[in-house]
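Here's the structure, in C-alpha cells; my notes come after.
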Amino acid sequence: MDEFENRKAKIEALRERGIEPYPYRFELTHHVSEFKEQFEALGDKQVSLAGRLVARRIFGKLIFAHIQDETGRVQIAIQKGHAKIGDTEEDAIKFAKKDLDIGDIIGVVGRPFVTKTGEKTVAVERIYLLAKGLRPLPEKWHGLRDREARYRQRYLDLMVNPDSREFFKNRALAISEIRKFFVENGFIEFETPTLQPIYGGAYAKPFETFAHALNSKLYLRISDELYLKRLLVGGYERVFEICKDFRNEGIDRFHYPEFTMLEAYAAYWDYTDMMDLTERLLIHLIEHFDRGETLEFDGQSAEVKRPFPRIKFVDALAEKLGFNPLDAETERLVEAAKKAEINGAEKMPRHKLIDKLFDALVGDHLIEPTFVMDHPRILSPLAKVHREDPRLVERFELYVFGMELANAFSELNDPIDQRKRFEALMELRGQDEEVPNEIDEDFLTALEYGMPPAGGIGIGIDRLVMILFNRPAIRDVLLFPQLRPKTD
RNA sequence: GGGCCGUUAGCUCAGGUGGCAGAGCACCUGAUUUUUAAUCAGGGGGUCGCAGGUUCGAAUCCUGCACGGCCCA
C-alpha cells in the first residue's frame, strides 16, 4: 500500500472512531509569531495555535513536533498523560504517533514552556486534527527545487520554501504600498475595460475574443491609456489603475503575455512632474522595504540616489553610432543594426530600427536608474511634440539594470495632431503587425471636447518587483505562470 | 523558430567504457520522556519522461516526440 492509500484508509478509520478528519472551525488565540513575541508575558496562560504539521520526533511517551502557520514555525510537545485527543478524555500520544501524519493541518491547545535547549514550545493539552493531508510533503531539508514543479504546483513551493512565501507576500505588500503612494498623492484608482473593441495605447499583438451578447470581436487590453485619458476629459484630475495587460507575444526572462501594469495620469502636469513622482516612488519603495542605497539584481549592483541621471535619447544613440540617427539614411541605420547583430534589420521599418539600435547600444547597458528623455516623434504617437525641437516628443523611459521599467509622456491633447499621428500610424499597417486595428474615433472625439494638459506614466509592476527583491526572471515573480500541459 | 542542457522512488540526487536500478529524507514495524536534518534495529516502495531502433543484453548508445531550463531570434 502506498502512502496515499495508507493515509486515505486513516480517514475512514478515524470516522469510525468518531473523529472527523475535516471539521469546520478552530478557535485561535495566537499565531506563531505572536506566541513567540508574547512568550514571556504569557506566563502559564492557555493558548491555541493551528498550522501544518511539518516535522515530528517520536520518543515513545513524548513527541516533539513543529507546526507551521503563515507567520512561522513553532515546536509543540505531546506528552503521555498530558495531552488529549480533541475534546475527548482519550490520551493523544498514540493518536499523534499513528493517526496524524506530516502534512496534516492540526490545532493545539496548551501552555507555553521552554525546553532544556531553550526553545519556546507549546505543551499540548488538547490536539485537534483540522484537515487530513493525503500526500507526503517534499523533502524537509532541500525543499522543492525542481523549477517546473515549483511553477506547476506553486502551493507546494509556498508551503516548503520560506523564501518563496516571503517573496510573494512582499510582492503583494509592494503593490499595496504603490496604491497607497498614489492615493496619498491625490490620485484616484478607477477600473477601465479589460475587453476592448479597439486595442490601443501601445504597440503589441493582442489576444482576441468574441462577445456573443454584442455579436462583436473584442480584444484583451494591451493598455488602459486611452480609457484613463477619457477620465481626464470627464473631469477627474489625477487617475490611476493597476491592472493586467495582455500582449500575445513571446515569453522570456523579461516578458510574459499577462503582466501587471500601473498607469497614472495627472492633469496640468508635464513629463518633468512625472519624473519627479517616479523618483519619489522608487525611493519610497526602496526605503519602505529597507533595501539600502544599492540594489542588487542578477549579480549586478546599482546605486539608487536622487536625482537619477538623465540622458537624451538621440544624443546617447548618436554618440554610440557616430552619426545622428534622425538625419541618417535608412541604409546607414540598417548597416549599424547589422553591426550590432540585430537580426532582420533589412526588413525593419525605420522607427523599429532606431528603437532596436537604442536598446542594443544604450538601453541594455543602463544599470543605475536612468531617465532616457525626448524620443523621436515617430516612436511615440501619444506624446506631445517637444516644446524646443519639433522632431522630438516629450517622453521619458526609466531604465534600470538594462530593463525598461517605466514610460511616460507629456500627453498629447491636441485632437488635430492626435488624428494626424494615428493616421500616420495606420499607414504602417501591413508593415508592422503591432499597429492598432483601427483608429479609436471615440477617443479622438473625447479629445475634441478638450483634455487638460497632462503628464502620464506606465510602470511595469512585475519588473519593478523583480529589481526590488532581486528575482531575475519574470516567472519567479508570477504566482501561477502558464506552462504547456504536461503529457507522458 | 534555432542552439545547448535536463527529465531515474513522494522529495533531493548518484548511477566511467552497455551487464541484477542505488543513497539520504519521507513511509511501514519495533525500541525510545528533552529532541529539533533525533537516534538504534528491521522492512516496503521504480512504466529510469514517451515511442521506436541498434544489441545476446539499454537508465546508459542512436532517432523522433513531449515537457522544462538557459542562451539567441
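In what follows, every chain begins at residue 1, and chains take the letters A, B, ... in the order their sequences are listed.
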Less than 4.0 angstrom between a side-chain N/O of A:R145 and OP1 or OP2 of B:rC13, yes or no?
yes
Taking RNA chain B as the partner, which of residues 148-160 of chain A come within under 4.0 angstrom of it by heavy atom?
A:E148, A:Y151, A:R152
Counting only N and O atoms by type, is there a donor-acceptor contact under 3.5 Å from the side chain of A:Q196 to the main-chain atoms of A:S223?
yes
Using the P atom on both, measure B:rC5 against B:rC48 and round to a whole Å.
23 Å
How long is the line joining CD of A:Q79 and C1' of B:rU32, in whole Å?
14 Å
How far does the P atom of B:rA31 sit from the matching atom of B:rU7, given to the nearest Å?
42 Å
Tell me whether the centres of the aromatic rings in A:Y128 and A:F26 are closer together than 6.0 Å.
yes
RNA chain B: 5'-proximal contact among A:E119 and A:G60 (nearest heavy atom)
A:G60
Regarding B:rU34, can its base be found pairing with the side chain of A:T121 as donor and acceptor, where the two atoms are less than 3.5 Å apart?
no
Can you check whether A:R147 has a side-chain N or O nearer than 4.0 Å to OP1 or OP2 of B:rC70?
yes
Of A:D146 and A:A340, whose nearest nucleotide on RNA chain B comes first from the 5' end?
A:D146
Pairwise C1' distance for B:rC56 and B:rG42, with rounding to whole Å:
39 Å
Of the listed nucleotides (B:rC11, B:rU35, B:rA37), which one gets closest to any side-chain atom of A:W141?
B:rA37
For the residue pair A:Q68 and A:V54, what are the closest heavy atoms and their distance?
CB-CG1, 3.9 Å
Phosphate OP1/OP2 of B:rG68: any A:R484 side-chain N/O under 4.0 Å
yes
Distance check needed: B:rU33 C1' versus A:Q75 CD, whole Å only.
13 Å
Which residue pairs pass the side chain to side chain donor-acceptor pair (under 3.5 Å) test when at least one of the two sits in residues 459-476 of chain A, sequence neighbours left out?
A:R147-A:D476, A:Y151-A:D476, A:R171-A:D462, A:H255-A:R463
With C1' as the reference atom in both, quote the distance from B:rA41 to B:rG49 in angstrom, rounded to an integer.
38 Å
Considering every strand and a 4.0 Å limit on heavy-atom distances, what is the contact class for A:I342: base, sugar-phosphate, or nothing?
nothing
When the distance from CG of A:L62 to C1' of B:rA38 is rounded to whole Å, what number comes out?
11 Å
Separation between the C1' atoms of B:rC25 and B:rC20, rounded to whole Å
26 Å
Kindly write out the residues that satisfy side-chain hydrogen bond (donor to acceptor under 3.5 Å, both in side chains) with A:E303, not counting sequence neighbours, or none if the list is empty.
A:K305
Strictly under 4.0 angstrom, non-hydrogen atoms only: write out the protein contact profile of nucleotides 26-31 of chain B, one letter per nucleotide from the 5' end, B, S or -.
SSSSS-
Is a donor from one side chain sitting under 3.5 angstrom from an acceptor on the other, for A:E119 and A:H66?
yes
Using the P atom on both, measure B:rU39 against B:rG3 and round to a whole Å.
49 Å
Per-pair stack call A:F64 and B:rU35, 5.5 Å, 30°
yes
Between P on B:rA73 and CZ on A:R253, what's the gap in Å once rounded to a whole number?
14 Å
Spacing of A:R475 atom CZ relative to B:rG68 atom P, expressed in whole Å:
7 Å
Determine whether the aromatic ring centres of A:F313 and A:F396 lie less than 6.0 Å apart.
no
Should A:R57 be listed as having a side-chain N or O under 4.0 Å from OP1 or OP2 of B:rA38?
yes
P atoms of B:rG68 and B:rU54, separation to the nearest Å
32 Å
What is the distance, to the nearest angstrom, from the NE2 atom on A:H255 to the P atom on B:rA73?
12 Å
Distance-only polar pair, side chains of A:D157 and A:S164, donor-acceptor under 3.5 Å:
yes
Runs of at least three Watson-Crick or G-U pairs with RNA chain B, cut-off 3.5 Å
B:1-7 with B:66-72, B:10-13 with B:22-25, B:27-31 with B:39-43, B:49-53 with B:61-65
Would you please name every residue forming a salt bridge (charged side-chain N to carboxylate O under 4.0 Å, His left out) with A:E423, sequence neighbours left out?
none
Hey, do the aromatic rings of A:Y271 and A:F409 have their centres closer than 6.0 Å?
no
Please report the distance separating the C1' of B:rC70 from the corresponding atom of B:rC28, rounded so that it comes out in whole Å.
41 Å
Just by modelled atom types, is the A:D101 backbone N or O under 3.5 Å from a matching donor or acceptor in the A:D104 side chain?
yes
